[in-house]
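To start, the structure itself, in structure tokens.
For reference, positions follow the sequence shown, starting with 1. Note that ligands are numbered from 1 as they come in the structure, with each ligand's atoms numbered from 1 the same way.
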Amino acid sequence: MTAAFAAASPQKAADGTLTNECYRPQYHFTPRTNWTNDPNGLVFYAGEYHLFFQHNPTGIDWGNMTWGHAVGPDLLHWTQLDHALLPDRLGTIFSGSAVVDGDNTAGFQDGPEKTIVCIFTSAGGTSPESKGRPFTQSLAYSTDRGRTWKKYAGNPVLGHISGGNRDPKVLWHAASRRWIMALYLDDAKTPNAYALFSSPNLKEWTRLCTVEVPGATECPDFFELPVDGDPKKTKWVFWGASNDYVLGSFDGKEFKREAGPFKSHWGANRYAAQTFSDIPVADGRRIQLAWMSGGKYPGMPFNQQFTFPAALTLRTFPEGVRLCTQPIRELDSLHKGRFSWKGTLEPNASPLNGARGELFEIRLVVEPSKASSIGLTIRGMPIKYDVREGTLTCLDKSAPIGLTGGRLALQVLVDRASIEIFTTDGRVNMAFCFLPADDNKTLSIFAEGGAAEVRALDVWDLKSIY
Ligand code: FRU
């Protein structure tokens, strides 16, 4: 650990001032200070979720990449720890993943605790210390529940292949008893190419195959999910940073693409999502976090935030099997007051008149009926569904959404600096960084061109996680 980085490790202010600034997200993760981008190394071990994140320990903009680290018991409340991984002679620390080495395949375990192993990109040439070195893949491990970290002495474990090859995502493939790594190749000739590798011990890797995800680059994720909840009917999802994915089969050696690419996100600010490793079988969820990329936070000590955690499922629709993204149910535990309404919504009526606040969850089920458009206005900003076009528009981005049984069903998460919109079935999601006008804390619902039938409208005020 270089002293400059250690000294810069931000400390929580005793008076809590690093949690209540005017644009500080109140239930979306932000580091206390400075720049963050991709979530890294998402893993569950011994009752704790570990959230690592690309972090600049010394600046408000991108640079000096390290892995910041936070832990929490419930995917909502996080405690930021010291930085886990700091730059070394192989490079600054770019994105990657973490796994629990349950069978001690790497041989790092030195006591009763299982080892948590981080697999990351050593970004050679991005610091004076690593000048002239290429991008390679390396390991670090912890035998004390993630409190201290050691780099593996044999780094790198995977040498340079092409360009800025990076962002290893590792999973345990039980059937072949091998670790599998998905890696972005950054090959100039095939810019959408990733590769899969396998290893018995996380240290020696054999290349298996190449996977192309048209339109996608960077930060792969690779996981198996049941279709419609049926454990006997599964598909593998290969995912790229831009929220595009393909579906296929995987036998431990070869990924065969069967369908896609598909898009799951239509908003402005969602990138480099990663799912948690080692979620207990009894839970069984595939939980994803993304960087809410972009956005400005004037005057704030932090820069950038993450999406609210979402659970991923595969479900069959008339057009085929698709990935669905839904906020995790833990959100319910942040509920405070609830306002509910249903009935005929006339143009110019305002049943939510008087609703004010900053943190909301809104669930809406509406039949457009005679309305030409319907929507919500959040702190002055409309989310509008055009019935004829079948599109939902927010902040200059539109998503195609068909009515199901004649109904539009939405779930909307509002925080101090973001809006996330999900169709209730999870087919479509839109994430936005959003800085509302300070003096407008109102919420309203509207119908235009005729009356709509609101079947259910529930608005919850949410508690802050701080
Ligand atoms: C994606 C990305 C990754 C890289 C990291 C560097 O946002 O460009 O490919 O590892 O960010 O911060």
Side-chain angles (χ1 to χ4, degrees), residues 5 29-31 33-42 51-69 83-88 90-98 118-127 130 133-140 155-158 160-170 181-188 190-195 211 213 215-222 238-245 265 267-275 288-295 302-307 431 433:
F5 281 104
F29 177 79
T30 48
T33 60
N34 293 341
W35 171 269
T36 189
N37 49 296
D38 314 345
N40 292 151
L42 304 181
L51 162 51
F52 302 85
F53 46 92
Q54 285 285 281
H55 193 242
N56 183 349
T58 57
I60 198 79
D61 294 317
W62 186 91
N64 310 312
M65 293 328 285
T66 64
W67 279 27
H69 188 195
H83 286 78
L85 306 180
L86 300 177
D88 57 30
L90 295 178
T92 62
I93 314 295
F94 274 22
S95 287
S97 52
C118 295
I119 309 96
F120 58 90
T121 298
S122 295
T126 57
S127 57
S130 65
R133 290 187 191 269
F135 277 33
T136 55
Q137 317 311 319
S138 295
L139 305 182
N155 282 340
V157 292
L158 184 61
H160 180 252
I161 301 161
S162 48
N165 50 194
R166 61 184 176 276
D167 308 338
K169 175 68 164 113
V170 172
M181 178 199 292
L183 187 75
Y184 176 53
L185 290 175
D186 193 31
D187 180 346
T190 49
N192 305 125
Y194 297 83
V211 179
V213 184
T217 59
E218 300 189 320
C219 302
D221 203 346
F222 187 48
F238 202 108
W239 171 277
S242 49
N243 307 289
D244 299 300
Y245 65 95
H265 172 254
N269 308 101
R270 193 179 202 276
Y271 195 71
Q274 180 177 119
T275 61
Q288 189 188 54
L289 267 184
W291 169 27
M292 217 183 269
S293 51
F302 65 90
N303 192 359
Q304 308 296 294
Q305 63 175 314
F306 288 175
T307 57
C433 299

Could you tell me whether Trp62 approaches ligand 1 through its side chain, its backbone, both or neither, with non-hydrogen atoms closer than 4.0 Å?
->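 Side chain only.
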
Measure across Tyr271 and Asn243 and return the closest heavy-atom pair with its distance rounded to 0.1 Å.
->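 Between these two residues, the closest heavy atoms are N-ND2, 4.3 Å.
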
So, for Ala123 and Ser130, which heavy atoms are closest and what is the spacing to 0.1 Å?
->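 Distance-wise, the nearest heavy atoms are O-OG, 3.9 Å.
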
Give the residue and atom name of whichever protein heavy atom lies nearest to atom 7 (O) of ligand 1, and the separation in Å to one decimal.
->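 Protein heavy atom at minimum distance: Asp38 OD1, 2.7 Å.
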
Measure the distance from atom 4 (C) of ligand 1 to every protein heavy atom, then report the residue, atom name and distance (to 0.1 Å) of the closest one.
->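 The closest heavy atom on the protein side is Asp167 OD1, 3.5 Å.
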
Under a 4.5 Å cut-off applied to non-hydrogen side-chain atoms, are Pro156 and Ser122 in contact?
->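 Not touching, per the 4.5 Å side-chain cut-off.
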
Have Asn64 and Asn56 got a donor and an acceptor in their side chains that come within less than 3.5 Å?
->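 Their side chains do contain a donor-acceptor pair, which is all the 3.5 Å distance test asks for.
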
Thr36, Asn40, Asp38 screened by side-chain hydrogen bond (donor to acceptor under 3.5 Å, both in side chains) with Gln54, the one that passes =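 When side-chain hydrogen bond (donor to acceptor under 3.5 Å, both in side chains) is applied between Gln54 and each of Thr36, Asn40, Asp38, only Asn40 qualifies.
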
For ligand 1, find out whether one of its N or O atoms is nearer than 3.5 Å to an N or O atom of Glu218.
->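 There is such a contact, yes.
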
Sub-3.5 Å N/O-N/O distance, Trp291 and ligand 1 =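 Between Trp291 and ligand 1, no N or O pair is found under 3.5 Å apart.
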
Please name the residue in the list Tyr245, Phe238, Phe222, Trp239 that meets the ring-ring contact (aromatic ring centres under 6.0 Å, His included) test with Tyr194.
->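 For Tyr194, the ring-ring contact (aromatic ring centres under 6.0 Å, His included) check succeeds only for Phe238.
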
Residue [X] vicinity, atoms of ligand 1 by number, heavy atom under 4.0 Å:
| X | answer |
| --- | --- |
| Ser95 | 5 (C), 10 (O) |
| Tyr271 | 1 (C), 7 (O) |
| Asn37 | 5 (C), 6 (C), 7 (O), 11 (O), 12 (O) |
| Gln54 | 5 (C), 6 (C), 12 (O) |

For ligand 1, is Tyr184 a contact, meaning one of its heavy atoms is under 4.0 Å away?
->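 It does not; every heavy atom stays at 4.0 Å or beyond.
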
May I ask you to check whether Phe53 and Phe29 place their ring centres under 6.0 Å from each other?
->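 Judged by ring-centre distance (under 6.0 Å), Phe29 and Phe53 do meet the cut-off.
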
